[in-house]
Asker: 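Once you've had a glance at the structure underneath, I'll fire off some questions.
For the numbers below, each heavy atom of this structure counts, side chains included, while hydrogens, waters and symmetry mates do not. Protein chains get the first letters and strands the later ones, always in sequence-line order, with residue 1 at the start of each.
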Number of protein chains: 2
Amino acid sequence: MTSAALPEPLPEPAVAELRLETVLGALSDPLRLGIIRKLLRESPESDRTCGWFGIDRPKSTLTHHFKALREAGVTRQRQYGLERRSQVRVDDLNARFPGLLDLVAAWTPPTP
Amino acid sequence: MTSAALPEPLPEPAVAELRLETVLGALSDPLRLGIIRKLLRESPESDRTCGWFGIDRPKSTLTHHFKALREAGVTRQRQYGLERRSQVRVDDLNARFPGLLDLVAAWTPPTP
DNA sequence: CATGCAGTACGATTCAAGTCGTACTGATGA
DNA sequence: TCATCAGTACGACTTGAATCGTACTGCATG
């Protein structure tokens with residue numbers, strides 16, 4: 001037996017539709033960049049709920065940013081009961097923009 | 001004899017100050033991304049005037065975007081008499097964000 | 001020195017994005 | 001069945017970015 005079927009992903013752009021400007025725009029927000037860095041470093045395999053990130057912002061703000069990431073094609077979101085979990089679209093992004101995710105994961109902000 | 005001294009670059013962030021969000025933000029504008037792609041592909045060595053790009057926009061708009069690129073640390077600008085020429089800070093960006101420029105140069109927009 | 005030219009500076013306008021409060025939805029478990 | 005909990009939807013507010021017209025600067029060449 002394989003594992004149980006996953007819920008369908010929420011609406012997202014197809015691989016062929018991914019645009020570099022859009023993806024870079026999504027990653028240019030500090031909060032969103034932090035989300036993606038944390039996902040890549042700490043959970044590249046499994047998807048995570050909004051709460052997992054421990055971001056101290058109102059829930060409506062978080063919804064806004066997670067939606068922006070999904071609509072830009074950076075993340076995939078699935079609904080599991082109450083929870084909406086996010087994961088980075090690693091394969092799709094590596095296929096279309098090779099090196100981008102490595103770079104994002106490797107980068108550490110300057111600490112002056 | 002080496003070649004003549006270059007004019008001093010206009011104010012720009014130091015390598016250590018480069019921030020990924022900022023650079024990605026600068027590249028997320030379609031017009032600016034086009035500028036950088038053209039520079040990387042057609043003139044990675046020498047610097048170019050605003051006019052060289054052949055962009056059909058008012059001059060004040062171009063000034064705005066070239067300044068944004070410089071202030072984000074993506075380009076270096078030098079004043080040669082009347083002309084202000086721009087070049088990509090290839091070494092600095094490769095040192096800080098390895099792979100980013102390759103990716104930008106390699107990418108081709110979808111043609112639907 | 002005066003004209004032309006590359007590009008800037010400034011200010012106005014417009015539009016998109018980030019932020020957040022409040023009300024809502026829909027699955028879960030007592 | 002009813003309360004709880006994760007997260008959304010909507011709308012208001014505010015800020016910042018893009019765009020562009022017009023006026024300006026300053027080198028360069030006659």
Asker: Please determine whether a side-chain nitrogen or oxygen atom of B:T63 lies at a distance below 4.0 Å from atom OP1 or OP2 of C:dT8.
Answerer: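 Looking at the OP1 and OP2 atoms of C:dT8, one of them is under 4.0 Å from a side-chain N or O of B:T63.
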
Asker: Ignoring hydrogens and angles, tell me if any N or O in the side chain of A:Q79 forms a donor-acceptor pair with the backbone of A:G81 under 3.5 Å.
Answerer: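 Such a contact is found between A:Q79 side chain and A:G81 backbone.
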
Asker: Look at the side chain of A:E83 and decide which nucleotide, out of D:dC20, D:dG7, C:dG18, has an atom nearest to it.
Answerer: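 Looking only at side-chain atoms, A:E83 lies closest to D:dG7.
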
Asker: Between C:dG18, D:dC20, C:dG21, spot the one nearest the side chain of A:R32, thanks.
Answerer: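 Comparing C:dG18, D:dC20, C:dG21 against the side chain of A:R32, the answer is C:dG18.
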
Asker: Would you jot down, in residue-number order, the residues of residues 34-57 of chain A having a non-hydrogen atom under 4.0 Å from DNA chain D?
Answerer: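 Close to the strand are A:T49, A:C50, A:G51.
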
Asker: Would you please name every residue forming a side chain to side chain donor-acceptor pair (under 3.5 Å) with B:T75, sequence neighbours left out?
Answerer: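 None.
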
Asker: Would you call B:R76 and B:E12 a salt bridge, using N to O less than 4.0 angstrom?
Answerer: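 Salt bridge present between B:R76 and B:E12.
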
Asker: For A:Q79 and D:dA6, give me the distance from atom CD to atom C1', rounded to whole Å.
Answerer: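 So the two atoms are 9 Å apart, to the nearest Å.
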
Asker: Would you please name every residue forming a side chain to side chain donor-acceptor pair (under 3.5 Å) with B:K67, sequence neighbours left out?
Answerer: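 By the side chain to side chain donor-acceptor pair (under 3.5 Å) rule, B:K67 matches no residue at all.
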
Asker: How many angstroms lie between atom CG of A:L27 and atom CG of B:L27, to the nearest 0.5 angstrom?
Answerer: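 One finds 11.5 Å between CG of A:L27 and CG of B:L27.
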
Asker: Apply side chain to side chain contact (heavy atoms under 4.5 Å, CB included) to B:W52 and B:E42, showing your working.
Answerer: CA-CA 11 Å; B:W52 176 80; B:E42 301 179 25; 4.0 Å; yes

Asker: Report which part of the nucleic acid A:H65 touches: base, sugar-phosphate, or nothing (heavy-atom distance under 4.0 Å, all strands).
Answerer: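 Sugar-phosphate only.
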
Asker: Let's test your reading of the model: under 3.5 Å, does the base of D:dG21 pair with the side chain of B:S60 as donor and acceptor?
Answerer: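 Per atom types, the contact qualifies.
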
